Structure formats: C-alpha cells, structure tokens
Amino acid sequence: MKTWWKEGIIYQIYPRSFQDSNGDGIGDINGIISRLDEIAELGTRAIWLSPVYKSPQTDNGYDISDYCAIDPIFGTMADMESLIKESKKRNIGIVMDLVINHTSDEHEWFQKSRRRIEPYTDYYIWHKGKNVVGKNPYDKKNFPNNWTSFFMEGAWEYDDIRGEYYLHLFHKKQPDLNYHNPLVLEEVKKILQFWLDKGVAGFRCDVINVLWKTSLADGKKSVMLTGLEHYKCQEGNHEILRQLRKEVLDKYSAIAEFECFTVGESVMVNLEETKLLSDEARRELNMAFYFDHLEVDRVFARFVPKKFLAKELLKRLTKWQQGLDWNALYLENHDQTRIVSHYGDDSGAGEHGSLWERSAKLMATLLFTLRGTPFVFQGQEIGMTNFDFTDLDDVKDIETHNLNRLMKKFCFPAALRWKWLRLSSRDNTRTPFQWDGSSGAGFSTAAPWLGINANYKQLNYAAQKDDPDSVLSYYKKMIALRSSSETLKYGDFKPLAATNSLLMFSREAAPAEPAFVAAFNFSRKRIKLNEDARVLLQGKIAASNIGRESWDTTNTHLDAWEALVLQTN
Ligand code: NOJ
C-alpha cells in the first residue's frame with residue numbers, strides 16, 4: 001500500500017548537536033527552526049527528533065523526567081509548537097522519540113514509587129535481594145538475578161529509600177517501567193495523545209521490543225548481555241504495541257490529515273522477530289530498525305572489528321530486503337558511527353576527487369536505491385566523518401566509558417582499548433553539525449558541548465551548498481531520483497552478483513516501468529568486471545558518483561569506490 005511515509009525521506013535530528021541559537025554551546029529547537037529550509041531542500045518528508053523532553057541528560061535525553069515538558073536547554077513548549085507549525089508549512093511532519101522502556105530516576109513517578117506512594121508503588125520493577133552472602137545489598141551475589149545492562153553493568157540498583165532493588169536495562173538513572181501494572185500503559189497512552197494533539201506525525205519508539213519482562217529468573221550467561229531471553233520480543237510486548245495502535249494511533253489516523261506513523265528501534269532482533277513487529281496485518285509498528293547490515297565487519301554487536309566483505313553485505317541486505325514487506329533504511333544514527341568512516345574511506349575529507357567524496361556518494365547511492373523508507377542522519381548528507389579525538393577524556397558518551405571499564409577489567413591494553421572505542425563510540429555521530437568554516441563551525445558561538453571535528457574548515461555545509469559536484473548536491477540528486485521513480489520506491493529487489501568488494505542488485509516493478517541495475521565497488525582498487533557482471537550491467541546512466549555520462553560494452557572496470565545505476569529498459 002502506498003502512503004506518505006513510504007514516499008519521502010526522514011531526516012534525523014540530534015538536537016544538542018544540530019544548531020545552537022542562544023550561544024550556550026548546545027543545539028536547541030530555535031536552532032532547528034532556523035534550518036528548516038535547508039532540511040526541506042533536501043527532500044525531507046518528516047523529521048525524527050531525538051528527545052527534547054525534560055531530562056537530567058545522563059543519556060542525552062533518553063532519560064526523561066517529564067514527557068510533557070521541554071528541557072530548558074532545548075527551549076520551551078512554545079518553541080516546540082512553533083517547530084511543529086513551521087515544519088507543517090513545509091510539508092514536514094515531526095516524529096517524536098518515544099522512550100517508554102524506562103524513565104529517568106528523577107521522574108516524579110519514580111520518586112513516588114521509591115517512597116511507595118500510591119498509585120506509583122508498582123510503576124517500576126522492584127525486587128528483594130537474594131541475601132545469599134550476608135546482608136550487604138551492594139554485593140552483586142545478592143542482586144535479584146544475574147542480568148546485565150545494555151551499558152555493560154549489573155542491571156539492578158539498590159535503593160536505600162525503598163529498601164529494594166530496581167531493574168535498569170540501561171543506566172542506573174534509567175529505571176525500567178513495569179508493564180505488568182496496567183496503569184503504566186494508561187500513562188503511556190496519555191503521553192501519545194498529548195503529542196498527537198499537538199500535531200506530531202508519529203513516533204520513533206526507543207528499544208521497543210524489550211518492554212515486557214516475562215520472568216525475572218537468572219539468564220543464560222553472556223559476555224555482552226545476560227537475561228535477554230526473558231524480555232526480548234515477548235508476546236506481552238506485542239500486545240502492548242497492538243493496544244497502542246488500536247486505542248491511540250489508529251484513532252488519530254482516522255481524524256488526522258495523514259496516517260500516524262511509527263518506527264520501532266528493535267534490538268538484537270532476527271528477521272522473524274522483526275516481521276512480527278512490523279507486519280502491517282498485525283497492526284503493531286509500521287516499520288522497525290534492525291542492526292544486521294551495519295555489523296558486517298563487526299563482532300559483539302558493533303564493538304570488535306573484522307574484515308568487511310561486500311558479498312556479506314549483499315547477503316544481509318538481500319535477507320532483509322526480500323524478507324520484510326517494508327524496510328526502515330539507514331546507514332547512520334546517533335548510536336552508530338559515520339558511514340563514510342565505517343564502510344567507506346574518509347581520506348581527503350572535504351576535498352574534491354578524494355576517496356572520501358567518492359565513498360560518501362557511494363553510500364548515498366546505496367541508501368536511495370534500496371527498497372524502504374530512507375533515513376538520513378544529520379551531517380550524513382555532507383559526508384561528515386567520525387570524530388578526531390585523540391583521548392578518551394574528550395568522549396562524553398556513557399556507553400563508551402562503560403565499555404572502556406569493562407575492557408580494563410579484562411586487562412585489555414590501553415592502545416587496543418582506544419582503537420576499538422574509536423571504532424564504536426556513539427560520539428562519532430554526535431559531534432556538532434559543520435555548517436561553515438568559521439570558528440565554531442556555524443554551530444555555536446560558545447564552546448560546544450562536544451568537540452567539533454577539525455576538518456570542518458574544508459568539510460562543511462556552506463562549502464557544498466552551491467557546488468553541483470558536492471556530496472550534498474549528490475544526496476539531493478539521489479533523493480530526487482528515488483522520489484520520481486515508482487520502481488526505486490516500490491519495485492522488487494533482486495541480488496545479482498558480489499565479491500569481496502563488488503556488490504550488484506536490480507530493482508524491478510511492472511514491465512512498463514523503468515528497471516534498474518546498481519553496481520558498487522567497495523574498495524579503493526579499480527576492479528575488473530567478469531563476463532556475467534558485464535552482461536547484467538547494461539543500460540543508460542541513471543546515477544553515477546564519478547560523473548560518468550555513458551556506459552557501454554567497452555567498459556570493463558569499475559573505478560575506486562564507484563557506484564553506478566543504470567536503467568536497463
Ligand atoms: C536507544 C537509543 O537510541 C540510545 O541512544 C539510548 O541510549 C538507549 N536506547 C536507551 O534509551
């Protein structure tokens with residue numbers, strides 16, 4: 001079925017790093033409003049806004065202390081209302097980040113829950129300790145179970161006031177809500193209604209497949225995460241999503257100008273689990289983010305590197321492209337690293353003719369020729385690279401610091417720890433947006449909350465805006481190509497060929513519609529195409545990241561980091 005959220009692209013904004021308007025070194029809502037024209041020019045249909053709610057900011061806003069208030073560092077509710085209004089004028093919907101697995105421990109509910117004030121007593125997952133080794137509540141052996149958190153710590157914290165432990169699958173300042181208490185879901189429904197009444201277009205749902213804890217028994221021991229089997233994708237979780245859809249979202253869709261939209265972040269999922277979350281007929285989510293395609297060159301989620309193979313990427317893309325009815329397509333977000341530094345080559349960042357430029361454009365070609373809704377993370381459209389920090393002290397992300405502590409515990413040498421942390425740190429995508437070459441990169445007039453990459457002098461929005469050969473112009477071209485083509489939006493995906501560095505696929509719709517073949521060289525070496533590949537690769541140029549104007553049977557090689565899309569009929 002065709003619908004608005006399948007047609008356009010969704011642009012993700014990480015507010016604290018996007019645009020500062022009041023000179024405090026932190027991005028804010030008025031800063032976003034001042035950049036809406038740039039966002040619209042890209043071809044954006046909706047903005048996914050990372051959290052701007054009131055929060056102590058332990059996890060940069062993913063720890064919410066009031067869902068119906070704006071944190072003063074980002075502005076006021078009036079600013080938020082004007083963002084919704086100004087976006088609407090440009091036909092852009094606002095997608096709020098819905099963080100409902102946990103709140104901040106500074107949320108009123110938690111403060112009352114720890115004091116057993118009704119009706120909040122059972123809003124969180126409280127439990128007595130095991131008391132197996134004396135009475136010391138801080139001894140891990142006494143914790144209610146052996147679960148560990150996504151941030152690589154124990155998942156329980158002892159609360160002196162209540163005299164019990166509470167569960168936190170993330171930071172200890174992010175206590176998990178208790179969905180076995182029906183009042184909690186009622187509160188969540190009110191939050192959704194509050195924002196829908198303000199005119200938002202939908203929600204990106206944070207870690208949405210771990211809400212329901214079926215049991216609190218010990219989990220199977222794992223270096224990364226113990227306890228997962230007790231709460232990942234449980235039937236109770238599906239029931240929560242169905243209720244939210246039926247009782248809130250569908251009701252709004254019936255009266256709103258456009259259908260309310262949801263995309264879930266689903267952690268540690270396989271294809272079958274993702275289908276259950278996002279299959280339209282089940283009426284849960286519209287689509288779900290998964291991580292498989294970004295972990296081709298990693299083990300232990302995204303933490304330990306291994307060799308990248310294009311054929312492995314194609315295998316994984318094929319599985320999801322063909323396995324799901326509709327994909328949430330992304331190559332970057334605020335928890336990942338910059339794609340040009342990850343699967344690409346960031347050498348010569350900001351320079352014409354560099355491998356950086358080619359590989360950044362290759363990534364755009366890939367993103368907009370797959371089937372699904374493309375998400376672009378702020379700065380991706382100008383090819384921003386990973387941070388250039390040389391010291392862990394420059395990194396703010398709590399996950400990076402926890403991982404460092406864990407590796408230290410296992411006696412990993414400092415140089416290796418830093419090497420791996422640099423490859424995985426979430427701060428890689430969180431450095432401030434590089435708007436221009438002035439001091440502060442046009443992001444802020446004050447010292448920024450997180451260091452700006454020194455390459456901003458040559459790699460910035462202003463330098464690319466009017467340059468027809470820039471990465472930014474290429475993003476615009478590719479987005480326009482996708483939006484003008486029914487085949488690229490809705491056609492079938494078929495894998496064609498792959499080697500260690502070559503990847504080829506086709507997109508086809510009805511015979512009367514144009515069909516495409518796309519080929520990518522994920523390496524800095526020129527590669528020779530074999531006979532089979534050459535037979536498949538015929539047609540007229542629809543996109544070329546190196547400015548090719550024609551392609552015929554005399555062409556036998558793909559250049560370094562070349563991406564080529566041909567219309568074959
Ligand atoms: C996923 C979010 O994307 C991430 O930034 C956050 O730390 C965790 N969920 C916890 O909310």
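Start at 1 and go down the list; that is how both ligands and their atoms are numbered. Since the structure is predicted, the reported quantities are computational estimates derived from the model, not experimental observations. Each residue takes its place number in the sequence, starting with 1. These values consider heavy atoms only, across backbone and side chains, with no hydrogens, waters or symmetry-generated copies.
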Practice problem: Below 4.0 angstrom from a heavy atom of R426, which ligand 1 atoms are there? Numbered from 1 as shown, please. | Solution: 4 (C), 5 (O), 6 (C), 7 (O)

Quiz item: According to the interplanar angle, ranging from 0 to 90°, do the rings of W449 and Y14 count as parallel (below 30°), tilted (30 to 60°) or perpendicular (above 60°)?
Solution: tilted

Quiz item: What atoms of ligand 1 come within less than 4.0 Å of a heavy atom belonging to V207?
Solution: 9 (N)

Quiz prompt | E247 and K189 ion-paired at < 4.0 Å | solution = yes

Practice problem: Answer side chain, backbone, both or neither: which part of R204 comes under 4.0 Å from ligand 1, heavy atoms only. | Solution: side chain

Practice problem: Heavy-atom distances under 4.0 Å are what count here, so tell me which part of R430 touches ligand 1: side chain, backbone, both or neither. | Solution: side chain

Quiz item: Please state which protein non-hydrogen atom is closest to atom 6 (C) of ligand 1 and give its distance, to 0.1 Å?
Solution: D59 OD2, 3.3 Å

Practice problem: Show which atoms of ligand 1 fall inside a sub-4.0 Å distance from at least one heavy-atom site of H334. | Solution: 2 (C), 3 (O), 4 (C), 5 (O)

Quiz item: What is the nearest protein non-hydrogen atom to atom 9 (N) of ligand 1, stated with its residue, atom name and distance?
Solution: D206 OD1, 2.9 Å

Practice problem: Examine the proximity of ligand 1 to E399 and report which part, side chain or backbone, both or neither, has a heavy atom under 4.0 Å away. | Solution: neither

Quiz item: Can the ring centroids of F170 and Y62 be said to lie less than 6.0 angstrom from one another?
Solution: no

Quiz item: Can you list the ligand 1 atoms lying under 4.0 Å from a non-hydrogen atom of H102?
Solution: 10 (C), 11 (O)

Practice problem: Would you mind running through ligand 1 and noting each atom that sits below 4.0 Å from a heavy atom of E265? | Solution: 1 (C), 3 (O), 9 (N)

Quiz item: Do M268 and L225 come within less than 4.5 Å of each other through their side chains, counting heavy atoms only?
Solution: yes

Quiz item: Taking the six-membered ring for Trp, is the centroid-to-centroid distance between Y166 and F110 below 6.0 Å?
Solution: yes

Self-check item: Of Y330, F308, W320, the residue whose pairing with H293 passes ring pair (Phe, Tyr, Trp, His ring centres under 6.0 Å)
Solution: Y330

Exercise. Nearest heavy atom to atom 3 (O) of ligand 1 wins, so pick from I208, D335, D63.
Key: D335

Quiz item: Would F151 count as a contact of ligand 1 if the rule is a heavy atom under 4.0 Å away?
Solution: yes

Self-check item: Centroid-centroid distance, W195 to F203, less than 6.0 Å
Solution: no

Quiz prompt | Presence of salt bridge, E106 and K173, under 4.0 angstrom | solution = yes

